[in-house]
Amino acid sequence: YYNDLTKANNNTNSIAIKNVLENGTIRLYESVNLHLAENSGNLTFPLSAIAIGDNLFQNITDLTSVTFGDYINSIGNSAFEGCTNLQSITIPSSVTTIGIRVFRGCTQLASANIDNVTFTTIPYGIFNGCSNLTSITIPQQITEIQDAPAWSTVIQGSGLGAFESCGLTDVIFSGTPTINKIGENTFISNTNLTTFSFPSSVTEIGPLAFHGCTSFNSPLPTNSGYTNISFQTFEQTGYTSVSIPSNITTIGKWAFYGCASLTEVTIGSFGSPSSLTDLGLNSFHSTPGNLKVSIFKNNLTNYNNITNLA
């Protein structure tokens, strides 16, 4: 029988998969669903299994829980995508490689433990659409949340942000964070996201990363390495006031567009003049009509529509 499920036929009725599930015994189930029915929806991988192939358990709706073997080192693209009754997962430290969209659309997933993973990048789409997932802890070994493909930045809701359209209220960074990049589309439409503090290690936040997070109002990163607010990054968020750190050189177009509660913006401060050189088109457009903008700056060379901020 196959130890490496990437070598097995992706058909869930294949003998190779049935043999792995049975740890090499001669008993063959008619299907993975029958295995799940006889095991209360739990899929347990034997110690002999070392890898899970692309799409292998996609859309298996009888799956409610997964117990990974201690030697699983690879989980392929979309391996559990669309398992709409999967309720919890713990990714073991043995996993060194994980694909994109692995748990996308697992709408009942309420617990995702990635505390002990050894990979350093969270792939795009991995928990997209997990609408029952309210909290995630990002371990200190994670350095990057991957960008969604570029075309998705112009097609909001395309299903490619790592945590897009989840039910997150809390995002916690554990230990001493080393994350430097929060990629495009990462947290789109997490409308209840309120508990979030940018680690000092963050130097890049991608376009649309917090678009539509209507409760989000966390202070921006103040570390010197973060200099560019990308386009549409904080569009339609919940800010009532925002302070733009003095080290920011560029604010992209529509960066805070449509922030319905935003009434005050401060760019730089007394004693720490802003480094801003480019204020993008409609950066603060469609905010309340009483928006007050204070810019502490010696010379602003490019200020698109500064008179049309709101």
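Values below: every heavy atom of this structure, side chains too, minus hydrogens, waters and symmetry copies. Just so it is clear, the model here is predicted, and its values are computed rather than measured.
Using cut-offs of 30° and 60° for the angle between ring planes, the F284 and F256 rings count as parallel.
Put simply, the side chain of I122 reaches to within 4.5 Å of the side chain of I114, judged on heavy atoms. At a threshold of 4.5 Å between non-hydrogen side-chain atoms, the residues V117 and P139 count as touching. A heavy-atom distance below 4.5 Å is not found between the side chains of V102 and I52. Between F127 and L168, the closest side-chain pair of non-hydrogen atoms is not below 4.5 Å. Residues F119 and T96 have side chains not in contact (no heavy-atom distance under 4.5 Å, counting atoms from C-beta outward).
With ring centers used as reference points, F216 lies 6.0 Å or more from F187. In summary, the aromatic rings of F196 and F210 are positioned with their centroids under 6.0 Å apart.
Looking only at atom types and distance, the side chain of N116 has no donor-acceptor partner in the side chain of S93 under 3.5 Å away.
Side-chain atoms of E164 come within 3.5 Å of backbone N or O of G161 as a donor-acceptor pair. Side-chain atoms of T263 come within 3.5 Å of backbone N or O of T240 as a donor-acceptor pair. Checking side-chain atoms of S230 against main-chain N and O of I205 turns up a donor-acceptor pair under 3.5 Å. Remark: the backbone N or O of T249 is paired with a side-chain donor or acceptor of T277 at under 3.5 angstrom. Within the 3.5 Å criterion, the main-chain N or O of A148 finds no donor-acceptor partner in the side chain of N185.
More than 12 heavy atoms of other residues, nucleotides or ligands lie within 6.0 Å of NZ in K181, so this atom counts as buried by the packing criterion.
For L133 against C166, the heavy-atom pair with the smallest separation is O-CB, 4.1 Å. Annotation for G183 and A209: closest pair O-CB, 3.8 Å, computed over non-hydrogen atoms.
In this structure, CD1 in I136 is found 8.0 Å from CG in D115, a value given to the nearest 0.5 Å. To the nearest 0.5 Å, the span separating OG1 on T191 from CD on Q236 amounts to 12.0 Å.
With respect to F163, the side-chain contact (heavy atoms from CB on, under 4.5 Å) criterion is satisfied by exactly one of T186, V171, N128, I182: T186.
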